[in-house]
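Note on naming: letters A, B, ... go to the chains in the order of the sequence lines (proteins, then strands), and numbering restarts at 1 for each one.
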Amino acid sequence: MNRLSLSQAFIYLLRRDLTLAVRNRAEFANPLLFFILVITLFPLAVGAVPELLARIAPGIIWVAALLAAMLSLDSIFRSDFDDGSLEQLLMSAHPMPVLVLAKVAAHWLVTGIPLLLVSPLLAEMLGMPQAAQGILLLTILIGTPILSLVGSIGVALTVGLPKGGIILSLLVLPLYVPVLIFASGAIEGAAGGLDVSAQIYMLLAFLFLSISLSPLATAAALRMSMS
Amino acid sequence: MYLWFNKLGSPPHFYRIAGKWMPWLASIFLVLLLTGLYGGLVLAPPDYQQGDSYRIIFIHVPSAWMSLFIYVVMAFCGVVTVVWRMKLAEVILISSAPIGASFTFLALVTGSLWGKPMWGTWWVWDARLTSELILLFLYLGVIGLHGAIEDKRVAARAVAILAIVGVVNIPIIHYSVEWWNSLHQGPTVTKFDKPSIHWSMLLPLLLMALAFQVYYVLALFQRCRAELLLRERNSKWVQELSGE
């Protein structure tokens, strides 16, 4: 029997998760629809005044992205936990954090990228100034992987619980706050014509920090959940 | 030293030692609290700008310090729990969470009471207030996660991981004062070269901070003892204790 190298295992796992997602389209359609719906609710609730909407657009889009990401988190590990394949992954010879990273990457490709693609449209509908739209895309590109990575810790902690979903939001949303602050701050700054490289660098720092650390915590939490 | 540490980690031993220390801790706490309160509420002069309202800092500032300190203790216990699976660390971690949450809540409430006459509003969305509120949510998350998992040893490990992850937020809370320019006044105590607070106010403040520390240990011991009894209710030493 031939053994897989680590990079092969990573790619196989990524491909498996992506295939599963493509076969089961609701998995990535739901968060996206939720994202669009939440954003649609805001003009109805606060009134369709263009100046007001343009002013709060960065906040609306980012809060909606946060909620959509949270809604989709459960799918990272839930079905694998239910059918036992997570147990098999934990028993594999490869280091669990790397496999976790593959699963999270698949999750981001399935849920983060659609948000990225649809957000310019929503930004335009909310009347966000042109100057800020590029920065909006940049923050979503950098920010949504952080949401998936940090969220994976929360899912791993709660996956074994019967009502994990309720507690998941309490665990994960406070940890999302820095992303929210810097992302919406960057967009607002860009709309005001300021230099926002500081916020972007902070977001990048968060991204690299969470890429390097969160898989370790997720793997430890998964071991705990399976015990 | 290692033996002593090992012995302290054993539940029956800790139960006994903590029980012996508690009356002492209680009296030290009372002395510190009363002198601190007397110094702060009676001896310290009123502030030239804020009048007597500033006196709430003798409760507010120590609570805010404790809210951060306890989270760091929890994260430290979390590391010990994950690495060495030490039962006592698990118990301290779990027992600290409600105390920390209470201090955080106290800091928020006293800050809000102070804010009304000073800023003219109960609440402003400034960085420090918001971070403190988020800290409260972190504490509630720890308590909630622990409550949701049936097996308490597994729950302790879950909470340990969560506490370690959450401690990343502690520096963010601390440096938020510098990151965002806000309504909240900057730190006045840690500037050691030339403190902008007079010693007649500083001394009671430090006394109160010490009193709160001692109170934390006292409350922690009480909760730990209860938690230990609950967890080890089927073990021999608890049976013997209750058989007496």
*asked:* Measuring from atom NE2 of B:H146 to atom CD1 of A:I167, what distance do you get when rounded to the nearest 0.5 angstrom?
replied: 11.0 Å
*asked:* Need one label for B:L145: side chain, backbone, both or neither, based on atoms under 4.5 Å from any heavy atom in chain A.
replied: both
_B:V165: which of A:L175, A:L171, A:T218 passes side-chain contact (heavy atoms from CB on, under 4.5 Å)_ = A:L175
*How long is the gap from CG on A:L213 to CD1 on B:I164, to the nearest 0.5 Å?*
11.5 Å
*Decide yes or no on side-chain contact (heavy atoms from CB on, under 4.5 Å) for A:L157 and B:I149, but give the supporting numbers first.*
CA-CA 10 Å; A:L157 283 172; B:I149 303 179; over 6 Å; no
*Between B:G141, B:G147, B:A160, which has the largest tally of heavy atom pairs under 4.5 Å with chain A?*
B:G141
*When rounded to the nearest 0.5 angstrom, what distance separates CE in A:M224 from CG in B:L162?*
9.5 Å
*asked:* Does B:F212 have more than 12 heavy atoms from other residues, nucleotides or ligands lying within 6.0 Å of its CZ?
replied: yes
*Check each atom of A:T158 against the heavy atoms of chain B and say whether the ones under 4.5 Å are side chain, backbone, both or neither.*
side chain
*Identify the heavy atoms of A:P174 and B:I134 that sit nearest to each other, and give their distance.*
CB-CG2, 3.8 Å
*When you look at CZ of A:R55, are more than 12 heavy atoms from neighbouring residues, nucleotides or ligands closer to it than 6.0 Å?*
no
*With a cut-off of 6.0 Å (strictly less than), are more than 12 heavy atoms of other residues, nucleotides or ligands near CZ of A:F10?*
yes
*Would one find more than 12 heavy atoms of other residues, nucleotides or ligands at under 6.0 Å from atom CZ of A:F34?*
yes
_Pairwise distance CD1(B:I161) to CG(A:L222) - rounded to 0.5 angstrom_ = 9.0 Å
